[in-house]
Amino acid sequence: MSRRGPCGRGKEQRLAGKRYACAFDQDAQSGGWITERVHDPSPIHFIHTDEPPSMTPDPSPFMGRAREGPGCPSKTVHILDDPMSDYGDHESTGDPLEKLRHSTAHLLAAAVTELYPEAKYGIGPAVQDGFYYDFDFGKPISESDLPAIESRMRRLAQADIPFEHEVLPRQRAMEEFQKRGQEFKLELIRDKVEGDEVSVYRTGQFLDLCRGPHVSSTKDLKAFKLLRVAGAYWRGDEKRPQLTRIYGTAWPTPKELDEYLKFLEEAAKRDHKKLGRDLKLFTVDDRVGPGLPLWLPDGATIRRELERFIVDEELARGYLHVRTPDVARLDLYRQSGHAQLYAEYMYPPMKFEDGEELELRPVNCPHHIVVYQTELRSYRDLPLRIAEIGNNWRYERSGTLAGMNRVRSFALNDAHIFCTPEQLMDEVRSAIDLALYFSKVLGIDEFWYQLSTRDDVKDKWLGDEAQWQEAQAALAEALESMGQPYKLVAGEAAFYGPKIDFQVYDAHRREFTNSTVQVDFQLPQRFDLEYVAEDGTRKRPVMVHRGAAGAMERLFSYLIERYAGAFPTWLHPTQVVITPIADAHLEFASEVAKRLRASRVRVHLDGRSERLDRKIRDAKLKKVPYVAVVGGKEVESGHVNVQNRAGEKSDMPLESFVSMISAEIAERRR
RNA sequence: GCCCACGUAGCUCAGGCGGUAGAGCAUUUCCUUGGUAAGGAAAAGGUCCCCGGUUCGAAUCCGGGCGUGGGCUCCA
């Protein structure tokens, strides 16, 4: 069997394109790595669509995710073995689309064989919405080389070349690939193929180690397009050669291909980096530094609303909000273990003359632990839920930074719940419930849960077996008791405990972790946390790390893409644009503005000497929820003529409008 | 960090096989006061990412940085 390693599939998944209406369930395609899946991962809701989502960050990273981290689902899911999709354990799902794409990958390789005889082949699996094939060309290949390869593919497709399946004796297969200088394939046979029979597929001059199945002829491949080239390490290992990966997409018909390409265009339009610039929400400037975004006034307004919403809800649910510093003595992180296990993501400490070493915090759990320890806690105090929306600093590798989605300084909606083992389940459940509530209000309609448990490799984990079992059971049970389906991924837990991640997609259907719930027995031990139990003895609490809304930065990038900038009224930086028709109506317009502001509605009075059409157009481009036109008639009647984003107009008394929009805002209607 | 591509006015981009650069939008000013997605005119605006090198001369060529995008790795 294959290993399911850490490498994963995420990549593929990422690249994938969308899956239009349906969500994901792609695990079917992904097959089998998910060992013991408990429920099907179906995505849970999806509601509307037109708005694709994006994602948010991982919450409390905490921990030490040394290198395994809680991670993103991505990896989790896919696999490493994907390579094997080319061979090995890739169990075909029988999905015709997958077969088509996998065959197109072979077609790509066949074209490359003719154009670049020296090329060596890596693997070429089908992935969500397409396929890729990794090659070692022995020289740089760029996107400008794709058209030539693609047209050769078309020629081969028209040539009606059969996909011939052969089963060769192992020795014979080795010789075949040896003769062709295909060292990567030889390696795959050595490592992945058991037994004496080796399954190969032949397409013209191209011979591939592959289990299939494939379409019968290249003429069955009618709608495909090469999309981009990228570097990819052989077998996902950074220490091995980097191959050139060519990504492409393939569909049964040209029409579907077209739709997919259109989807990509649409996704580009709602890209949060583009909208962030167009709508003046945030900026990233070299002078400040990579991965350090600046929230501009309108973006900051949205963030303020989000934080207000989050904090108010948490306070209502019994969380205690605190404020703790962004820096702390390095010793604090030595004690938590981060200095050792998380060092590569931490900024270098600031050293002072007197020997003091201060560290920008990569996580804030140690701070909350200190808060916990300001008093001798009683079992009556538990569960104690300490929350904070505070900045965390992580020195992410430069190549991973992306807009607001992945940054080096981010404000996590973090909380640490200190509770007794008996309370664990309930706390996990309420943390999930909170995340669900946030999702519902914020419009995160499409997401799924992923339960990451520990795998068998013992030394990767801290703690004892019993605690792990207990924690995993608590997480699984919490989800099940709430009727929430999830995907179970073994081996992806944080080193200190299992976790549940909430996964979402961005506009391009790349997967991200939005929020998480993680159980931790390690920090309580490292900090010798305790509480006085009912019987007077000292006991150790359990910690739950949870980031219900994720990081504000990632949440923001998600919401921008989710709404394509057309935020719900309660979030929109400008809720109403008041447009007087002529200067003569400015005075009444000012009164209208004043009235709305008195009710805390964010308004912008557009007093430019522009025409009405122009002002309305500008407001529409800003995706402002309401445009209130004020002209002679309105001055006369005391009404406002309001147009919403759908273009529906209605004339109503100012007071009616005020109460209408106030209610909409108060209810945080979407 | 690695691979590929890219880096010209605030934005979107042209142009430049070496001789100090253009458009549209945005901005400013003037005219226009006009009922539901772009009224007209003028002006202003650029270290052509940075640093070196080659050259009489570099935004254009070469090298090295930095940054951005897409992937890989990683994952807050």
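Throughout, a chain's letter reflects where its sequence line sits, starting with A, and its residues are numbered from 1.
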What does [X] touch in the nucleic acid at a heavy-atom separation under 4.0 angstrom: a base, only the sugar-phosphate, or nothing?
{"X": "A/Asp618", "result": "nothing"}
{"X": "A/Asp286", "result": "sugar-phosphate"}
{"X": "A/Lys615", "result": "nothing"}
{"X": "A/Gly403", "result": "sugar-phosphate"}
{"X": "A/Val407", "result": "base"}

So what's the dot-bracket for RNA chain B: Watson-Crick or G-U pairs under 3.5 Å, [ ] if a pair crosses, | if it pairs off-strand? (((((((..((((.....[..)))).(((((.......))))).....(((((..]....))))))))))))....
Between [Y] and [X], does any NZ, NE, NH1 or NH2 come within less than 4.0 Å of an OD or OE carboxylate oxygen?
{"X": "A/Arg397", "Y": "A/Glu344", "answer": "no"}
{"X": "A/Arg245", "Y": "A/Asp134", "answer": "yes"}
{"X": "A/Glu396", "Y": "A/Arg406", "answer": "yes"}
{"X": "A/Asp237", "Y": "A/Arg235", "answer": "no"}
{"X": "A/Lys269", "Y": "A/Glu266", "answer": "yes"}
{"X": "A/Asp613", "Y": "A/Arg611", "answer": "no"}

OP1 or OP2 of [N] less than 4.0 angstrom from a side-chain nitrogen or oxygen of [X], does that happen here?
{"X": "A/Ser609", "N": "B/U33", "value": "no"}
{"X": "A/Arg277", "N": "B/U12", "value": "yes"}
{"X": "A/Arg510", "N": "B/G71", "value": "yes"}
{"X": "A/Lys269", "N": "B/U12", "value": "no"}

Test side chain to side chain contact (heavy atoms under 4.5 Å, CB included) applied to A/Thr244 and A/Asp136, step by step: CA-CA 6 Å; A/Thr244 300; A/Asp136 174 0; over 6 Å; no
Nearest of B/G67, B/G71, B/A38 to any side-chain atom of A/Asp613?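 Nucleotide nearest to A/Asp613's side chain: B/A38.
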Provide the distance between the two [atom1] atoms, one in [N] and one in [M], to the nearest whole Å.
{"N": "B/U27", "M": "B/G52", "atom1": "P", "value": "38 Å"}
{"N": "B/G45", "M": "B/A23", "atom1": "P", "value": "13 Å"}
{"N": "B/U47", "M": "B/A9", "atom1": "C1'", "value": "12 Å"}
{"N": "B/C51", "M": "B/A59", "atom1": "C1'", "value": "15 Å"}
{"N": "B/G15", "M": "B/C49", "atom1": "P", "value": "15 Å"}

Rounded to the nearest angstrom, tell me the gap between atom [atom1] in [X] and atom [atom2] in [N].
{"X": "A/Ile616", "N": "B/U36", "atom1": "CD1", "atom2": "P", "value": "8 Å"}
{"X": "A/Leu401", "N": "B/G1", "atom1": "CG", "atom2": "P", "value": "9 Å"}
{"X": "A/Lys139", "N": "B/C4", "atom1": "NZ", "atom2": "P", "value": "13 Å"}
{"X": "A/Arg287", "N": "B/C50", "atom1": "CZ", "atom2": "P", "value": "13 Å"}
{"X": "A/Arg608", "N": "B/C25", "atom1": "CZ", "atom2": "C1'", "value": "13 Å"}

Could you check whether the side chain of [X] and the base of [N] have a donor-acceptor pair of N or O atoms closer than 3.5 Å, going by distance alone?
{"X": "A/Glu238", "N": "B/C2", "value": "no"}
{"X": "A/Tyr233", "N": "B/G71", "value": "no"}
{"X": "A/Glu634", "N": "B/G35", "value": "yes"}

Where do N or O atoms of nucleotides 41-48 of chain B meet protein N or O atoms at under 3.5 Å, pair by pair?
none

Would you jot down, in residue-number order, the residues of residues 646-654 of chain A having a non-hydrogen atom under 4.0 Å from RNA chain B?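 The stretch gives A/Lys649 as the residues lying under 4.0 Å from the strand, ordered by number.
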Nucleic acid contacts of residues 140-150 of chain A, taken as heavy-atom distances under 4.0 Å to RNA chain B: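 Those residues whose heavy atoms fall under 4.0 Å from RNA chain B, taken from residues 140-150 of chain A in numerical order, are A/Pro140, A/Ile141, A/Ser142.
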Dump the intermediate steps for side chain to side chain contact (heavy atoms under 4.5 Å, CB included) on A/Arg270 and A/Leu275, then the final yes or no. CA-CA 6 Å; A/Arg270 57 202 312 155; A/Leu275 289 174; 4.2 Å; yes
Hey, can you tell me if A/His338 and A/Tyr342 have their rings parallel, tilted or perpendicular (30° and 60° cut-offs)?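 Geometry flag for A/Tyr342 against A/His338: perpendicular rings.
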Would you call the rings of A/Phe556 and A/Trp295 parallel, tilted or perpendicular, taking 30° and 60° as the class edges?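 Rings of A/Phe556 and A/Trp295: parallel, under 30°.
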Pairs flagged by salt bridge (Lys or Arg N to Asp or Glu O under 4.0 Å) wherever residues 616-643 of chain A is involved - sequence neighbours left out: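 Checked against salt bridge (Lys or Arg N to Asp or Glu O under 4.0 Å) - neighbours excluded - the pairs reaching residues 616-643 of chain A are A/Arg608-A/Asp618, A/Arg614-A/Asp618.
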Kindly indicate, with the supporting measurements, whether the criterion ring pair (Phe, Tyr, Trp, His ring centres under 6.0 Å) is fulfilled by A/Phe502 and A/Tyr449. CA-CA 5 Å; A/Phe502 286 55; A/Tyr449 300 90; 4.6 Å; yes
Can you name the one residue among A/Tyr133, A/Trp234, A/Phe135 that meets ring pair (Phe, Tyr, Trp, His ring centres under 6.0 Å) with A/Phe184?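 When A/Tyr133, A/Trp234, A/Phe135 are each tested with A/Phe184, the ring pair (Phe, Tyr, Trp, His ring centres under 6.0 Å) holds only for A/Trp234.
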Assess the side chains of A/Asp606 and A/Thr579: does a donor N or O sit below 3.5 Å from an acceptor N or O?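 No - no donor-acceptor pair under 3.5 Å links their side chains.
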Please check this pair: side chain of A/Glu561 against backbone of A/Asp506, looking for a donor-acceptor N/O pair closer than 3.5 Å.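 A pair under 3.5 Å: no.
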For A/Tyr233, ring-ring contact (aromatic ring centres under 6.0 Å, His included) partners two or more places apart: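 Scan of A/Tyr233 (ring-ring contact (aromatic ring centres under 6.0 Å, His included), adjacent residues dropped) gives none.
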